[in-house]
Amino acid sequence: MDSLGAIRSWPANWRITTATMTTTEGIKKVPQVLTVAGSDSGAGAGIQADLKVCAARGVYCASVITAVTAQNTRGVQSVHLLPPHFVSEQLKSVLSDFEFDVVKTGMLPSPEIVEVLLQNLSDFPVRALVVDPVMVSTSGHVLAGSSILSIFKERLLPIADIITPNVKEASALLGGVRIETVEEMRSAAKLLHQMGPRFVLVKGGDLPDSSDSVDVYFDGKEFHELRSPRITTRNTHGTGCTLASCIAAELAKGSSMLSAVKVAKRFVDNALDYSKDIVIGSGKQGPFDHFFGLKKDPQSSRYSTFNPDDLFLYAVTDSRMNKKWNRSTVDAVKAAIEGGATIIQLREKEAETREFLEEAKACVDICRSSGVCLLINDRIDIALACDADGVHVGQSDMPVDLVRSLLGPDKIIGVSCKTPEQAHQAWKDGADYIGSGGVYPTNTKSNNRTIGLDGLKEVCKASKLPVVAIGGIKISNAEAVMRIDEPNLKGVAIVSALFDQECVLTQANKLHKTLKESKKGI
Ligand SMILES: Nc1ncnc2c1ncn2[C@@H]1O[C@H](COP(=O)(O)OP(=O)(O)OP(=O)(O)O)[C@@H](O)[C@H]1O
Ligand SMILES: Cc1ncc(CO)c(N)n1
Ligand SMILES: [Mg+2]
């Protein structure tokens, strides 16, 4: 938010941990979000949704109310705008007291209210601004009319770090252009980016005739399509507010924008999946449960923020190989990610705990800034201490159900399985994915029974979880592995074909290209 004056950066003595930051003096700083939005009496969207999301994501959220709506699952019956001076009073009250990391805006129903927001943000700079340009409720009621379009485009969008319009809002901001395909969403995102926001996320929840729910993210250079199966449910009220406030919460915790967007997408996806059959209200559009993560149901892997597509090119580090090629694990991880690795597993069998912990913390920072998940092999303690995204455990390591009870619902747990029975147990215990192999003979793991492509196929057929293949996989045989054509085989895990090589980046590039080619043929 450069145009609004100095951005507050993290004080040098603060280290970001999970939900709280601990200063060297031991003072606990909690990530804080301010939502500036409308109240939804039905509590599925607006301020209420924002407060629930932040609570679910472990972030403190204060609220400035711009309007009060009489709203339920049948629609919006009435809207009362608060006087701009009172909105300003609320803004001054909280901005002068709290140290907000991120401000998230929802319903800003008049130019005058936008004006007082801009003035207060100028007086009280924050680190990031998330703008969800709410205009029409999903039930079709106008929440902010066309009178706000010009101040949005001229004054608010240029200072936003990210804007999150749905397709109707994107169209309205662009003068009514048609946005009915993913390609048109990409063009819209590019045009909206030219209005000044650092990042744009065009949400595709209302995209007609699409079997997936696709959102298009644009950073000024690259597009990312965040795609998930469309969930058939009436309970989608508040998905947009939830997505935007989840992005704000993750940013407040220190994530990069892409990482925050990916987590938020999975949060909404998991919330909808968990809530798809609940019945709240009698209308056409019900709310969903933002606190699904607190429910105990280890059988469903969808409660985690894990995206099975992340298993596509799974890099497993090996400190002996990196030492042989005279590179640090941190450099190896950087190169693997730059080359296209979609998830990283830190596997360290030699280093002392303190050294492993420092290495893991450095790799967490790299992965967080790239939006790539970092898992720790076997060492639950290290994973907890560095706030990694999860762990991978073998059959002789700590049992998965115990790991799940230690890490909670949000962390990713992978488990090695050679047989269908082990795959079933992994699902029962609440794992998120299975690593199955060794598919081919490998020297990176001693006395490791090779299961071959047939064994891999058997495990995939039996598994209710996504599977990544591992063991002796390299450029020359990766395509054959992907071609076993089992829908839940999501990728391959690579060790020596990445790290027992002179150039990790080159090998990662080649592997990523090979895997993409093999996917095309399936
Ligand atoms: N049925 C669905 N299944 C899966 N994801 C969905 C579904 N509907 C919406 N989403 C996702 O929810 C998020 C919000 O998108 P959406 O287009 O619903 O925003 P919105 O219209 O602003 O929502 P609202 O105004 O109701 O809060 C996006 O990530 C979108 O892909
Ligand atoms: C108050 C409010 N803000 C945002 C939305 C968007 O869903 C809504 N329905 N109600
Ligand atoms: Mg919306």
Side-chain angles (χ1 to χ4, degrees), residues 35-53 63-82 104-109 130-144 163-173 179 182 185 201-208 210-217 224-247 260-276 283-288 290 302 307:
T35 174
V36 184
S39 162
D40 167 9
S41 53
I47 287 281
Q48 290 83 353
D50 299 343
L51 293 169
K52 286 191 265 190
V53 170
S63 57
V64 167
I65 296 178
T66 59
V68 181
T69 68
Q71 187 172 171
N72 59 21
T73 62
R74 293 197 289 272
V76 180
Q77 291 76 40
S78 172
V79 177
H80 172 67
L81 272 57
L82 270 64
K104 178 257 176 180
T105 68
M107 181 181 171
L108 301 174
V130 176
V131 172
D132 181 19
V134 171
M135 290 177 202
V136 181
S137 75
T138 307
S139 56
H141 193 100
V142 175
L143 297 171
I163 60 168
T164 63
N166 59 31
V167 288
K168 290 183 192 122
E169 290 153 353
S171 172
L173 288 165
I179 305 176
V182 174
M185 288 172 71
L201 180 70
V202 178
K203 302 172 295 189
D206 296 335
L207 200 65
S210 68
S211 60
D212 282 351
S213 199
V214 188
D215 305 335
V216 170
Y217 173 87
H224 293 261
E225 282 182 16
L226 296 107
R227 191 179 281 271
S228 63
R230 182 174 296 282
I231 295 163
T232 305
T233 176
R234 69 183 269 275
N235 302 323
T236 58
H237 178 61
T239 47
C241 307
T242 298
L243 188 81
S245 42
C246 191
I247 290 170
V261 168
K262 283 182 172 181
V263 169
K265 173 68 174 176
R266 285 201 288 279
F267 182 88
V268 170
D269 191 35
N270 291 337
L272 289 176
D273 183 65
Y274 177 82
S275 311
K276 57 180 180 282
K284 282 191 298 183
Q285 226 222 352
F288 50 87
H290 292 81
R302 290 182 66 98
N307 177 2

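Read the numbers this way: they start at 1 and go in the same order the structure lists the ligands and their atoms. The basis for the numbers below is simple: all heavy atoms, side chains too, and nothing from hydrogens, waters or symmetry mates.
Counting the atoms of ligand 1 from 1 in the order shown, those under 4.0 Å from a heavy atom of Val268 are 12 (O). Of all atoms in ligand 2, numbered sequentially from 1 with element shown, those under 4.0 Å from a heavy atom of Gly38 are 1 (C). Listed by atom number, the atoms of ligand 2 under 4.0 Å from Val134 heavy atoms are 4 (C). Ligand 1 places these atoms under 4.0 Å from at least one heavy atom of Cys241: 27 (O). Interface atoms of ligand 1 facing Leu272, defined by a heavy-atom separation under 4.0 Å, are 2 (C), 3 (N), 4 (C), 5 (N), 6 (C), 7 (C). Residue Ser137 has at least one heavy-atom neighbour below 4.0 Å for each of these atoms of ligand 2: 9 (N). Atoms of ligand 1 lying under 4.0 Å from any heavy atom of Gly238, numbered from 1 in the order shown and given with element: 26 (O), 27 (O). For ligand 1 and Asp206, the ligand atoms under 4.0 Å from any heavy atom of the residue are 17 (O), 21 (O).
Distance from atom 9 (C) of ligand 1 to its nearest protein heavy atom, with residue and atom name: Gly205 CA, 3.6 Å. Of the protein's heavy atoms, Gln71 OE1, 2.8 Å lies nearest to atom 9 (N) of ligand 2. Nearest non-hydrogen protein atom to atom 10 (N) of ligand 1 is Ser213 OG, 3.3 Å. Cys241 SG, 3.6 Å is the protein heavy atom nearest to atom 4 (C) of ligand 2. Summary of contacts: the protein heavy atom closest to atom 3 (N) of ligand 2 is Gly46 CA, 3.7 Å. The nearest protein atom to atom 3 (N) of ligand 1, hydrogens excluded, is given as Ile231 N, 2.9 Å; this is a heavy-atom distance. For atom 27 (O) of ligand 1, the closest non-hydrogen atom of the protein is Gly240 N, 2.8 Å. Summary of contacts: the protein heavy atom closest to atom 26 (O) of ligand 1 is Thr138 OG1, 2.6 Å. Distance from atom 5 (C) of ligand 2 to its nearest protein heavy atom, with residue and atom name: Leu143 CD1, 3.6 Å.
Remark: Lys168 engages no residue in a side chain to side chain donor-acceptor pair (under 3.5 Å) (not counting sequence neighbours). For Ala244, the side chain to side chain contact (heavy atoms under 4.5 Å, CB included) criterion is met by Lys104, Val130, Asp132, Thr164, not counting sequence neighbours.
At a cut-off of 3.5 Å, with distance as the only test, a side-chain donor of Gln285 or Thr236 sits close to an acceptor on the other residue. In this model, a donor atom of one side chain and an acceptor atom of the other lie less than 3.5 Å apart for Asp40 and His237.
Residue contacts with ligand 1 for Lys168 are absent, since no atom lies close enough (heavy atoms, distance under 4.0 Å). At a heavy-atom cutoff of 4.0 Å, ligand 1 is contacted by both the backbone and the side chain of Thr239.
When Leu81, Ile47, Val79 are each tested for a side-chain contact (heavy atoms from CB on, under 4.5 Å) with Thr69, only one passes: Val79.
Using a non-hydrogen distance threshold of 4.0 Å, His237 registers as a contact of ligand 2.
Between Ser39 and ligand 2, not a single N/O pair is under 3.5 Å apart. Between Asp269 and ligand 1, a contact under 3.5 Å exists for no N or O pair. In terms of polar-atom proximity, Asn166 is counted as a contact of ligand 1, with an N or O under 3.5 Å from an N or O of the ligand. Considering backbone and side-chain N/O atoms, Leu243 never comes within less than 3.5 Å of an N/O atom of ligand 1. Distances between N or O atoms of Asp215 and those of ligand 1 include at least one value under 3.5 Å.
No side-chain heavy atom of Ser213 sits less than 4.5 Å from a side-chain heavy atom of Arg227.
Atom CG of Asp50 sits about 3.5 Å away from atom OG1 of Thr35, to the nearest 0.5 Å.
The option from Gly106, Ala144, Ala45 that lies nearest to atom 7 (O) of ligand 2, judged by heavy atoms, is Ala45.
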